[in-house]
Amino acid sequence: MQNREIASMLEEIGMMLSLDERPTARFEVRAYQKAALTVSTLQEPIEDIFNKGGNRALMELPGIGKGIAESISEYLKTGTMSKYENLKKKYPSKFMELSRIEGLGPKKIQALYSELGIKDIKGLAKAISKHEIAELPGFGEKSEEVIAKGLSMLEKSKGRILLGEALPLAESLASQLMKSGLIDKVIIAGSIRRMRETSGDIDLLALSDHGEEIMDRFVKLPEVEEVVVKGQTKTTVSLKAGVTCDLRVIPKSSFGAAVQYFTGSRDHNIQVRTIAIERGYKLNEYGLFGKNGKLIEAEDEKVIYSKLGMDWISPEMRESRGEVKLAQEHKLPELVKISDIKGDLHTHTKETDGADTIDDMAAAAISIGREYIATTNHTKSLFIAKGMNDRQFKEFFKTVDSLNERLDGSFTVLKGAEVDILKDGSLDLEKETLSSMDCVIASVHQNLKMDRESMTNRIVKAIDTGLVHILGHPTGRELLIRDPYLIDLESVFEAAERNLTALEINAQPSRLDLNDTNIASAAQYKIMFSIGTDAHRTTHLEFMRYGVGTARRGWLPKEQIINAMPLKALKRWLAK
DNA sequence: GCCGTTTTCGGCCCGACTGTTTTCAGTCG
């Protein structure tokens, strides 16, 4: 899969072109940026597209025409892209690396090179330590300081945090702002609202008439590390958590447009804006404007979509994956909601690597409105997690039985395991033990570095035992830490379909596995899904919302989710 | 360099904010 590499080269070409003096260069910059975006968001390997249909197929992609298609095919065939190489001779800096530092764009990066010979972060760090930056024309004390901060920020966090960290943080900031009493409403916008798995920044929008006072309070919140930019309508701070946070104060009349605009994604907005133009409107973050240029006041973004002849689109769907067309045709799917969730089929207890007892887990689940959970401890091969053997499961299930008796049907604990899929594809417990359980999750935890074919065979073999109700975290990735293991998901989906095995959407913030696009691919098959928190303590049961968000990003309705079923129906399904 | 259900030429988003300017350039979203 060379998508990321090619997207990054196109992006960098764009940056280098922005140093070009020709008056049309800035439009070429946009063209390359757009092409880079297209390639980076492709759902399939670009080499597959090229192999199937050549340059012509590449040119079908939005923003890719004759020139860029040729560059891409040249790269796929020869491993180099002459357009890129030529520009690189002129501008040797590592633009992609350096531009990740807040406050550094193409022009400044080039100035650093031509004045000081700085090409990369290493060189930059050196120059900062010698205080050489402040002396440069166009730079100064302040800019050196900003760059130094940006550098340490980048090193600290790599600039992105998990949804499971970003959302609570944003909620905390929002509620503190609300407490000021100066704000009518505050919305968490941006990628967090779309429930993206990681976020590079936090976008807050406040409806208020007291811009200045709010900004004063905002920059003093305890989560704030430093003020980057402070104005009356927009303030940017960097947070101790390692990301930046933008707060915008917006008047009532354009609040709806602002919410729409800052929720994104960029591609989705481009599509919506195009529709606005077609219908004689103009849409930007300040509002929807009619033919006469007059602002159509809207406090709610629903007004905007409706004026444009579209149904309101859930933020999780706004990724330019066909949702705009469906909204125009009034055919949007009804997505699963957190309130549809009846139970949690992936939980652990202190018998293995969990922190709490089954009684505590059940009580916690009851308190957040669940009707059932499955207790699914690890199995013996997972030594580090104190995995249990067949006998230990039998013992433990006696405890579960007595708990269920006490609960007397008001709540049910299903008996299960998260059984390890061993290296050869066999399962880590006896067949009799497994078939006696209500709910068996099978997962890969060890020997992750297999080649694609072996890993695929291993997992397919496990599913084909017919003993597996749910395939746990099917790709094994750990966000920001570890890539998925090599696996042919299509074969796994086929196996899941023929064995009536559900695929898990693991709701742990560091997993979210399957991810949104995998879910969308899997949903093409007759497959059910289970959103499980993988809770290792009572508080983890709250992770469900991240799993639901991910399911929504994969466009799933509640009918495809087994833990949205009432207990009776679920038991029937599991028995099959 | 891309794109087109008014176009194969002539458009392509632009405003907020900051620092280093002395009226503006660069960055960001």
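All values below come from the heavy atoms of this structure, side chains included, with hydrogens, waters and symmetry mates left out. Per chain, numbering begins at 1; letters A, B, ... match sequence-line order.
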**Message:** Can you list, in residue-number order, the parts of residues 295-315 of chain A that come under 4.0 Å of DNA chain B, counting heavy atoms only?
**Reply:** none
**Asked** Residues two or more places apart in sequence or in another chain: which of them pass salt bridge (charged side-chain N to carboxylate O under 4.0 Å, His left out) with A/D216?
**Response** A/K230
**Request:** For residues 17-32 of chain A, pull every pair meeting salt bridge (charged side-chain N to carboxylate O under 4.0 Å, His left out), keeping only residues two or more places apart or in separate chains.
**Result:** A/D20-A/R22, A/R22-A/E28
**Request:** Keeping to residues at least two apart or across chains, list the side-chain hydrogen bond (donor to acceptor under 3.5 Å, both in side chains) pairs with something in residues 111-127 of chain A.
**Result:** none
**Request:** Could you pull out all residues at least two apart from A/E323 that satisfy salt bridge (charged side-chain N to carboxylate O under 4.0 Å, His left out)?
**Result:** none
**Item:** Options B/dC17, B/dG15, B/dG29, nucleotide nearest the side-chain atoms of A/T233
**Value:** B/dC17
**Prompt:** Can you list every salt bridge (charged side-chain N to carboxylate O under 4.0 Å, His left out) pair that touches residues 252-276 of chain A, not counting sequence neighbours?
**Reply:** A/K252-A/E299
**Request:** Scan every strand shown for a Watson-Crick or G-U wobble partner of B/dC12, both distances under 3.5 Å, and answer none if you come up empty.
**Result:** B/dG1
**Message:** Using a heavy-atom cut-off of 4.0 Å across all strands, would you classify A/E145 as base, sugar-phosphate, or nothing?
**Reply:** nothing
**Message:** With nearest nucleotide decided by heavy atoms, which residue, A/Y261 or A/E60, maps closer to the 5′ end of DNA chain B?
**Reply:** A/E60
**Request:** Kindly write out the residues that satisfy salt bridge (charged side-chain N to carboxylate O under 4.0 Å, His left out) with A/D516, not counting sequence neighbours, or none if the list is empty.
**Result:** A/R321, A/R553
**Request:** Give, ordered by number, those residues of residues 267-282 of chain A having at least one heavy-atom distance below 4.0 Å to an atom of DNA chain B; if nothing qualifies, reply none.
**Result:** none
**Item:** Selection: residues 68-92 of chain A, any non-hydrogen atom under 4.0 Å of DNA chain B
**Value:** A/I68, A/K83
**Message:** Under 4.0 Å, heavy atoms only, any strand: does A/I64 hit a base, just the sugar-phosphate, or nothing?
**Reply:** sugar-phosphate
Under 3.5 Å, which N/O atoms of the protein pair with N/O atoms of nucleotides 9-12 of chain B?
none

**Asked** With a non-hydrogen cut-off below 4.0 angstrom, is A/I147 in contact with a base, only sugar-phosphate, or nothing?
**Response** nothing
**Complete:** Within residues 103-120 of chain A, the residues having a heavy atom closer than 4.0 Å to DNA chain B are A/G103, A/L104, A/G105, A/P106, A/K107, A/K108
**Item:** Nearest-angstrom distance from the residue atom CG of A/N55 to C1' of B/dG1
**Value:** 15 Å
Expected rows: protein N/O vs nucleotides 5-7 of chain B N/O, under 3.5 Å:
none

